[in-house]
Structure formats: structure tokens, C-alpha cells
Amino acid sequence: MNIEESLKEAIETGEVIKVRYHGGSQPGALRKIAPISVNGDKVRARCYSSDAVTTFVISKVEIVGFTKKGDEWQKGKEQKTEYVNLSCILKKNANLFDKLGWHIESELFGDQQFLSLHARFKNGNAKKGAEIELSYEKYAYEMVVDWELDSEYTGPVPEITGERKRPWTVRAKKETTKSFGSLDKAAAPFLEWAEKYAPSKN
């Protein structure tokens, strides 16, 4: 079985693979990955070393071994969650956010939710743009133009193309935006950045 076939099999079984990746910022480093999809000479996988979904070039992947199915992650298996929704994050951390000097804004219900942290002006008023934001968007959209002759052109309109596989997104002005499939995974960088860039520390 070649590397590509092994990766495809791991996608089906949910196995975590130990690999040596001869590319990226640390060539030759050992990593544990859970493959998600294969496209040509590239594989998208959750990398447990960086705790992020990353794309790897298959020709630079050397498979070292396999972990037992379900050791760290099992496709379709329910994981024990710390946070079930954004309200939980806000409830558990509201005092911390306040102590760190953040102004909080939120929309905690529906298909598009967010929890954002804002710095303040010297007079105490909140700044408009969020410094850090954790958002949820259930559906993926595509802009569609209706070219029917009997209708007036109204411009492109959003059309739902399906549910997002990674609906949780974390953004910060000084960090790279990250997307996650679970709220617990997204909460980790959100809370880390809330402390790192806290107005009370700057």
C-alpha cells in the first residue's frame, strides 16, 4: 500500500498517523496527523503538533506508524466537551474578560453567532472594531446572479451551498485567522489571545 492509499484508508477508519514531514517550517519533524481529504499531491489533515488543520504535500510525507483507532481522535466519535455554546464561554469567562479590561459584544443565538472583545478609548467608550472575535457560521454561501430575462438585475445574492465542516472561526488583529470543527478547539486560541492582548496589560 502506497502513502496516498494509506492516507485515504486513514480517512475512512479515523486513524491517527505518525509521520515525518520533510517540508514546512521544521523539515524532518515527527507529527501526528488525522487525514481529512486527499486532493492530487496534497492531503488536508488535523496536525496534533500545531493543533490546526494543515495541508501537506504527499511526496514529502513519510509514514512512521499508526496509533490505535481512537487513541486521540476518532471520526464520528463524540468527544467530551467543555463548552456547548458561546453562552457557556461568556458565562465562565465574563469576570476574566472584565478583569482584563475588555468590552464584550455578542450575538449568542441563530445560525450566525459571535463573541467579540473590544478595547476602550481613554474615556471608557468601546472601540468599534473587535480586537478578538470568536464566531459561528453554520452555512457556507456562494454568491449567485439571477440572469432570467423577465427579472430585473438586482446583483448577486447569497445562496446556501451546505453546512460548514469548520463553522467556528477565531480572528485577532495581530494573529492568523483559524477555523475549527469544534467550539472547544476554537475556544483555546480565543482565550489565549484574550489574555495575550488584554488592554489591562498594554
Side-chain angles (χ1 to χ4, degrees), residues 14 16 24-26 29 31-37 44-56 71-122 124-141 158 160-202:
V16 176
S25 58
Q26 299 173 314
R31 301 169 186 251
K32 287 184 180 178
I33 65 170
I36 297 167
S37 65
R44 279 179 56 76
R46 171 166 297 289
C47 175
Y48 287 93
S49 305
S50 61
D51 193 27
V53 173
T54 310
T55 301
F56 299 94
D71 267 3
E72 294 180 60
W73 174 83
Q74 186 175 346
K75 187 177 180 182
K77 182 180 179 181
E78 253 187 70
Q79 303 290 322
K80 185 178 178 185
T81 57
E82 182 177 356
Y83 299 111
V84 293
N85 55 36
L86 287 178
S87 295
C88 284
I89 292 180
L90 183 55
K91 188 175 179 182
K92 287 185 180 182
N93 298 283
N95 289 339
L96 172 66
F97 295 150
D98 189 51
K99 192 185 293 184
L100 293 172
W102 292 114
H103 166 75
I104 305 162
E105 292 189 7
S106 63
E107 172 55 62
L108 304 175
F109 304 99
D111 294 338
Q112 293 183 322
Q113 305 171 22
F114 71 88
L115 177 58
S116 60
L117 304 178
H118 301 251
R120 298 175 188 271
F121 292 107
K122 288 181 182 177
N125 292 337
K127 293 184 178 179
K128 191 173 180 180
E131 294 291 322
I132 304 164
E133 182 182 76
L134 172 53
S135 63
Y136 171 79
E137 193 167 0
K138 184 174 182 178
Y139 297 108
Y141 295 88
I160 294 173
T161 57
E163 289 192 19
R164 292 180 183 273
K165 291 181 181 175
R166 288 178 292 283
W168 299 100
T169 303
V170 189
R171 298 177 181 86
K173 285 186 175 179
K174 298 176 183 176
E175 299 285 348
T176 303
T177 298
K178 298 181 179 183
S179 294
F180 300 90
S182 78
L183 176 55
D184 278 352
K185 292 286 185 187
F190 178 72
L191 295 171
E192 178 191 327
W193 296 346
E195 295 212 33
K196 183 176 178 182
Y197 299 110
S200 63
K201 294 182 180 180
N202 298 316

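All residue numbers refer to positions in the sequence shown, counting from 1. As the structure is a prediction and not an experimental result, all values here were calculated from the model.
- Going from atom CD of Glu137 over to atom CG of Asp111 covers 9.5 Å, rounded to the nearest 0.5 Å.
- Residues forming a side-chain contact (heavy atoms from CB on, under 4.5 Å) with Lys92 (at least two apart in sequence, or on another chain): Glu82, Tyr83.
- Taking the salt bridge (charged side-chain N to carboxylate O under 4.0 Å, His left out) definition, one finds that Arg120 meets it with nothing, sequence neighbours left out.
- Looking at heavy atoms from C-beta onward, Leu108 lies out of side-chain contact with Asn85 at the 4.5 angstrom threshold.
- Between the OG atom of Ser200 and the CZ atom of Phe97 there is a distance of 12.5 Å, given to the nearest 0.5 Å.
- Using a 4.5 Å cut-off on side-chain heavy atoms (C-beta onward), Glu105 and His118 make contact.
- Qualifying side-chain contact (heavy atoms from CB on, under 4.5 Å) partners for Phe121, counting only residues two or more places apart in sequence or in other chains: Asn123, Asn125, Lys127.
- Evaluation of the ring-ring contact (aromatic ring centres under 6.0 Å, His included) rule for Tyr136 yields Trp168 as partners, not counting sequence neighbours.
- Proximity of Pro167 to Lys138: side-chain heavy atoms (C-beta onward) are nowhere separated by under 4.5 Å.
- Counting only heavy atoms from C-beta outward, the side chains of Pro35 and Phe56 never approach each other to under 4.5 Å.
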Show me the side-chain donor-acceptor pairs of residues 188-197 shorter than 3.5 Å, one per line, residues at least two apart or across chains.
residue, atom, partner, partner atom, Å
Lys196, NZ, Glu175, OE2, 2.9
Tyr197, OH, Glu175, OE2, 2.5

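- Checked by atom type and distance alone, the side chain of Ser106 never pairs as donor or acceptor with a backbone atom of Leu115 at under 3.5 Å.
- Remark: Leu134 CG to Phe180 CZ distance equals 9.5 Å, nearest 0.5 Å.
- Annotation for Arg46 and Ile36: closest pair N-CD1, 3.9 Å, computed over non-hydrogen atoms.
- The shortest non-hydrogen separation linking His103 to Ala126 is CD2-CB, 3.2 Å.
- Residues that satisfy the side-chain contact (heavy atoms from CB on, under 4.5 Å) test with Asp98, not counting sequence neighbours, are absent from this structure.
- Of all heavy-atom pairs spanning Gly101 and Pro199, the tightest one is O-CG, 3.6 Å.
- Using a 4.5 Å heavy-atom cutoff, the side chains of Glu163 and Tyr139 are in contact.
- Counting only heavy atoms from C-beta outward, the side chains of Leu117 and Ile104 approach each other to under 4.5 Å.
- Side-chain contact between Thr54 and Ile33 is absent, with no heavy atoms from C-beta onward closer than 4.5 Å.
- Among all heavy-atom pairs drawn from Leu86 and Glu107, the shortest one is CD1-O, 4.4 Å.
- In terms of heavy-atom proximity, Arg171 sits nearest to Ser135 at NH1-OG, 3.1 Å.
- In plain terms, the two heavy atoms of Ala119 and Glu131 that are nearest each other are N-CG, 3.9 Å.
- To the nearest 0.5 Å, atoms CG (Leu96) and CG (Leu90) are separated by 11.5 Å.
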